[in-house]
2 protein chains.
Amino acid sequence: MTPTSTAPTTPFRQIKRARVSDAIVEQLLQLISAGILEPGKRLPSERDLCKRFGVGRTSVREALKPLISMGILEGRVGSGTYVSAETGQFQKPLAWGLLRDLNGQDDLVETRHMLETNAAHWAALRAKPENLAAIEASIQGMADHLQQPAEFQDHDAAFHFEIARATQNQILYRLINVIRGQIQTWIGERLTLAPNRAEALARTSLAQHREIFAAIKTADAAAARTAMDHHIQTATQDLHRLETARKR
Amino acid sequence: MTPTSTAPTTPFRQIKRARVSDAIVEQLLQLISAGILEPGKRLPSERDLCKRFGVGRTSVREALKPLISMGILEGRVGSGTYVSAETGQFQKPLAWGLLRDLNGQDDLVETRHMLETNAAHWAALRAKPENLAAIEASIQGMADHLQQPAEFQDHDAAFHFEIARATQNQILYRLINVIRGQIQTWIGERLTLAPNRAEALARTSLAQHREIFAAIKTADAAAARTAMDHHIQTATQDLHRLETARKR
DNA sequence: AGATCAAAATTGGTCTGACCAATTTTAAGA
DNA sequence: TCTTAAAATTGGTCAGACCAATTTTGATCT
């Protein structure tokens, strides 16, 4: 890669003793990235792959194993090995690397705040018509389920995902995805503990979402950021309040 | 999928058919996180682990495999399996999840900018004496190596790492770590292509670093953010300029 | 023909035992 | 004590077998 010449940096490549399984992993990842192996699709049985690759079953399995434990593939006994649904793909390794042994969830909340406010900013500047449509749809979904916490939460999550997507920044999207996924559980737990307040919170939340959307729609980045900032702060406080209220 | 009717969220746990290897993975990860398996340390041979866990070698290997391919463990034939050095631990899974098939590096630069400006902000508010000392040391390191691009770059990187650490936000630290690591290569390539300009860039950079540090030292979050913003914008522009200059 | 359901085939998960090549340990020889 | 060659150890791979879950098949009954 490096054009070298004077190059102080290593002109020599590490000799890599070919590890069979790694080579297979590489091929499979490429097939997936290339879209040849679509999400949900079943790949040939292990015994088939053995013949195709010309290797033993051990090697095939050792190649599949990391991909499975990273959530890219999914093994179902008796059925076969499948490419995981796009959502959640590569989530596990991300979560492993990012969220392993955290003390509390303060870091989580703080990082989320940081990412989402910036996401609102960029979404306002870059959202395409289809992004706006998707965001609006999620708002409609929330409005339709004000009294069903679980469904409301799903659409709430969708709202934030779509904003992240609208930034056209893949890294930002993935980050928000994984962090939101982690926080989601926490939110759900607290909401089910105080179901009577859920609807009130939902109404407040919905209003704020509309505000954010309006700012994004008019490409007002600063307003979008402010609105998102306000929304997340409110939501976080509400959830904390639910928690402390419960404890007393 | 939707957790059904009245019962908002599932009070029941998914029955997980125990996958032997997954259980082992969990145990190993825990041992590593708990520090019982320190970086660099050798773990028992596979055949030993078989006896200890009371499972076949296949299962042990299938447990080790994901950890190895994620860079957490390292297998050396004839020698044993070792816990990887702390640096870069869990980096690979993070990088896999976050940085796989990106189009360009615009997302990278943009995300870095977002993370680092926020890091400066929080570092200013939370830096402990030892953090300030570490940051100052990295600045000194830069000052001492103005004419050695490679060394300068190392201390430059250290500066940003230490700021990330000073935020006391683990997630932010890990993120900056992995993204910076990715960008680092890119920076190095460009700098070695125009070694004559390296020193001038280094001097500018150093001055900006001092500015950032001053703001952090006085706990002026806004100033720290502004200074970091300015620094990263300058640096990015300079590197872009180097690149276009080379192409002509 | 269509539906039902039990037997057969397929599939991922695990176990056992074996061999290879790289490495480490041991022990013999100088 | 130092060298060095043989032996033991170790991760990587292969082969064959069995299990349990699942899918497919095919015979039976309606």
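Quick note on labels: first sequence line is chain A, next is B, and so on, each numbered from 1.
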### Query
Charged N to carboxylate O below 4.0 Å: is that the case for B/Glu110 and A/Arg126?
yes
### Message
Between A/Asp22 and B/Lys65 (salt bridge meaning N to carboxylate O under 4.0 Å), is one present in this structure?
### Response
yes
### Message
Distance check, rounded to the nearest 0.5 Å: A/Ile72 atom CD1 versus A/Leu64 atom CG?
### Response
11.5 Å
### DNA chain C contacts made by residues 44-58 of chain A, counting heavy atoms under 4.0 Å
A/Ser45, A/Glu46, A/Arg47, A/Arg57
When the distance from [atom1] of [X] to [atom2] of [N] is rounded to whole Å, what number comes out?
{"X": "B/Leu73", "N": "D/dT10", "atom1": "CG", "atom2": "P", "value": "16 Å"}
{"X": "A/Leu64", "N": "C/dT14", "atom1": "CG", "atom2": "P", "value": "13 Å"}
{"X": "A/Ile68", "N": "C/dG12", "atom1": "CD1", "atom2": "P", "value": "9 Å"}
{"X": "B/Arg76", "N": "C/dT25", "atom1": "CZ", "atom2": "P", "value": "12 Å"}
{"X": "B/Asp22", "N": "C/dT14", "atom1": "CG", "atom2": "C1'", "value": "13 Å"}
{"X": "B/Ile24", "N": "C/dC15", "atom1": "CD1", "atom2": "C1'", "value": "12 Å"}
{"X": "A/Glu74", "N": "C/dG13", "atom1": "CD", "atom2": "C1'", "value": "15 Å"}

Pair [X], [Y]: side-chain N/O donor-acceptor within cut-off below 3.5 Å:
{"X": "A/Asn131", "Y": "A/Gln168", "value": "yes"}
{"X": "A/Gln170", "Y": "B/Asp107", "value": "no"}
{"X": "B/Tyr173", "Y": "B/Asn177", "value": "yes"}

### Task
Please tell me which of A/Tyr82 and A/Val60 maps to the more 5' nucleotide of DNA chain D, matching each residue to the nucleotide holding its nearest heavy atom.
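Closest to the 5' end, via its nearest nucleotide, is A/Val60.
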### Task
Assign each of A/Ser79 and A/Glu62 to its nearest nucleotide of DNA chain D by heavy atoms, then name whichever residue's nucleotide is nearer the 5' end.
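Final value for this comparison: A/Glu62.
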### Query
For the side chain of A/Arg61, counting heavy atoms from C-beta on, which of C/dA22, C/dG13, D/dT13 is nearest?
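That would be C/dG13.
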Phosphate OP1/OP2 of [N]: any [X] side-chain N/O under 4.0 Å:
{"X": "A/Ser59", "N": "D/dC14", "result": "yes"}
{"X": "B/Thr81", "N": "D/dG11", "result": "yes"}
{"X": "A/Arg42", "N": "C/dT11", "result": "yes"}

### Task
For the pair A/His155 and A/His145, name the ring-plane relationship: parallel under 30°, tilted 30 to 60°, perpendicular over 60°.
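Parallel, since the angle between the ring planes stays under 30°.
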### Message
Is the distance between the ring centroids of A/His209 and A/His160 under 6.0 Å?
### Response
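Between A/His160 and A/His209, the centre distance is under 6.0 Å.
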### Query
Roughly how bent is the helix from C/dA1-D/dT30 to C/dA30-D/dT1 end to end, in steps of 10 degrees, with each end axis from five pairs?
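The angle separating the two end axes equals 10°.
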### Query
Who passes ring-ring contact (aromatic ring centres under 6.0 Å, His included) against A/Phe152, sequence neighbours left out?
none
